[in-house]
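Notes follow the structure.
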Amino acid sequence: MDLKQLFDKGIDFIDSKRKSIIKFSLSIIGLILLMILLFLSSDELTIGKESEDLLNYIDNTQYQRAISYYDSLEKKFSESKMRRFDKSISKKIDKLLLTKGDKYINNEITKEKYLALINIINELNKIELNIQRIIEQAKRVSEMYIDENIDYNKALSYINTVSTLNLITNELDIYKNNIKETNESRQIYETSKLNQEKYKYYEAIQGYDKVLEKDKKYFDLAQKNKKECIENMYDYYIDKSEESNNQGNYEEALQYIDYIKKYYVDDEKVLDLEKKYQKNLSMYTLTSDDIINLITKKSGLNKKNLSINSYQTMINNKKYYYVEVFEYETVIDEILITAENKSIY
């Protein structure tokens, strides 16, 4: 039998036994795969048990025991098995950290317990956490503060505590700053509200203008209150300006008018009062130099040797200056000067 005949005969045999050969081959392959699966499963079960043990130590904040246990596993496991263990425990610690973070946010655990957990994780420096999930949790805390579902101290405490994780650098700063800025904005709002209640409309408006637009609830309230201030300030500040003018406090009177002018630019009454107060300021205001010059002119004393203490007063709706005159730091006279005609009494 030549080689060709032998080859053809082999082909015929394979063709006739094809189904049996395929079944046998698949059985062998299946058996090999099953053996591989059993081997890997056995290995993973060992890793799973020991990762659960370590997780329990961490969960119960048994700091030293957790670290010692991890160190013992590094000595016990091969490098490849330890890598698989680190990968397995990282996922579980990642989940535990997020769960404990939520519990801390909801006041179910103390800061000390949450911080202890983070300290243990920091010691296990081969653990790789999903930083994106931590960032998402921090973002949610920031949004909770905006929505007033968590107080300022708790929100900031969470951010500061979780930021002590070794893998965190400045990824959470944006949420920390957002919480701080929002808190500051709300404090400004509350101060402005108090100023408004005390009729300090100008100061209240200055504050309401600083409330952050991104803090929608308080921004809308601030805009509403600002509108009320602008409406109420007109009569109140005009009355206060006239009162100050009658007391001879012309600069103060003009200050009240300045408060109003920004919001009542072309108001005729406001403009007339401003002119009136400016005239009174220029006519009836005496500086220290003005008073000393009047005293020198009348008394003939040397101006260089004189100094004064002066006080404004109103008598029968007329402005006077009560003056103590000093020469070489010794009181030599007390006089009264009329602001209107500069007469000395």
Side-chain angles (χ1 to χ4, degrees), residues 29-142 144 149-150 153-173 175-176:
I29 292 171
L31 181 61
I32 293 171
L33 290 175
L34 180 60
M35 290 174 66
I36 294 172
L37 182 61
L38 288 173
F39 174 78
L40 293 176
S41 297
S42 175
D43 197 35
E44 286 302 319
L45 284 172
T46 303
I47 291 174
K49 176 185 178 301
E50 289 164 326
S51 65
E52 284 297 328
D53 289 342
L54 179 58
L55 193 68
N56 285 333
Y57 296 146
I58 296 172
D59 191 11
N60 294 316
T61 59
Q62 294 176 280
Y63 182 91
Q64 197 57 52
R65 194 167 185 181
I67 302 304
S68 298
Y69 187 68
Y70 183 84
D71 289 343
S72 70
L73 294 179
E74 281 192 304
K75 296 174 183 177
K76 175 182 176 182
F77 289 168
S78 66
E79 288 186 12
S80 61
K81 190 171 183 179
M82 197 63 199
R83 283 196 296 271
R84 292 196 299 274
F85 177 81
D86 285 340
K87 185 176 181 180
S88 174
I89 195 64
S90 292
K91 292 179 181 178
K92 293 177 180 180
I93 291 177
D94 189 58
K95 183 177 180 181
L96 177 65
L97 180 62
L98 292 172
T99 300
K100 294 297 184 181
D102 283 335
K103 287 187 175 183
Y104 179 57
I105 292 165
N106 295 321
N107 297 312
E108 295 176 23
I109 62 171
T110 64
K111 178 180 179 179
E112 289 72 23
K113 190 163 186 177
Y114 185 47
L115 186 57
L117 169 67
I118 290 175
N119 288 336
I120 295 175
I121 294 172
N122 283 338
E123 282 298 317
L124 303 174
N125 50 31
K126 292 184 181 178
I127 300 301
E128 296 181 3
L129 300 178
N130 186 342
I131 189 173
Q132 189 56 43
R133 296 179 69 183
I134 297 171
I135 292 172
E136 288 170 1
Q137 190 175 58
K139 180 182 178 182
R140 178 162 56 83
V141 169
S142 176
M144 286 174 66
N149 292 323
I150 187 174
N153 290 331
K154 175 63 72 172
L156 196 61
S157 177
Y158 163 80
I159 297 290
N160 287 336
T161 304
V162 78
S163 293
T164 62
L165 280 166
N166 287 341
L167 77 164
I168 298 293
T169 51
N170 57 2
E171 293 86 355
L172 306 186
D173 286 356
Y175 305 114
K176 180 178 181 178

Does [X] reach the side chain of [Y], with side-chain heavy atoms less than 4.5 Å apart?
X    : Y    : result
Y114 : V162 : yes
S68  : Q64  : yes
I135 : Y175 : yes
L124 : I58  : yes

Judged by atom type as modelled, is there a donor-acceptor pair below 3.5 Å linking the side chain of [X] to the main-chain atoms of [Y]?
X    : Y    : answer
K87  : I127 : no
T161 : S157 : yes
N130 : Q132 : yes
D59  : L54  : no

For this session: Scan for salt bridge (Lys or Arg N to Asp or Glu O under 4.0 Å) pairs involving residues 119-140, sequence neighbours excluded, and state none if there are none.
Result: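 Sorted result for residues 119-140: E74-K126, D94-R133, D102-R140.
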Exercise. Without hydrogens or angle criteria, can the side chains of E50 and Y69 be said to hold a donor-acceptor pair below 3.5 Å?
Worked result: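 No, no side-chain donor-acceptor pair sits under 3.5 Å.
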Exercise. Does the pair E112 and L115 meet the rule for a side-chain contact (heavy atoms from CB on, under 4.5 Å), with working shown?
Worked result: CA-CA 5 Å; E112 289 72 23; L115 186 57; 5.9 Å; no
First locate atom [atom1] of [X], then atom [atom2] of [Y], and finally report the distance between them rounded to the nearest 0.5 Å.
X    : Y    : atom1 : atom2 : result
L117 : T99  : CG    : OG1   : 10.0 Å
L55  : E52  : CG    : CD    : 5.5 Å
L172 : Q137 : CG    : CD    : 10.0 Å
L97  : I120 : CG    : CD1   : 11.5 Å
N119 : T61  : CG    : OG1   : 10.5 Å
I67  : S72  : CD1   : OG    : 11.0 Å

For this session: Please name all residues satisfying ring pair (Phe, Tyr, Trp, His ring centres under 6.0 Å) with Y63, sequence neighbours left out, ordered by chain then number.
Result: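 Ring pair (Phe, Tyr, Trp, His ring centres under 6.0 Å) list for Y63, sorted by chain: empty.
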For this session: Would you please classify the geometry between the Y70 ring and the F85 ring as parallel, tilted or perpendicular, with 30° and 60° separating the classes?
Result: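 Judged by the thresholds at 30° and 60°, the geometry between F85 and Y70 is tilted.
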Closest heavy-atom pair and its distance - [X], [Y]:
X    : Y    : answer
I105 : K154 : O-CG, 4.0 Å
S51  : I89  : O-CD1, 3.2 Å
S90  : L129 : O-CD2, 4.0 Å
I159 : A138 : CD1-CB, 3.7 Å

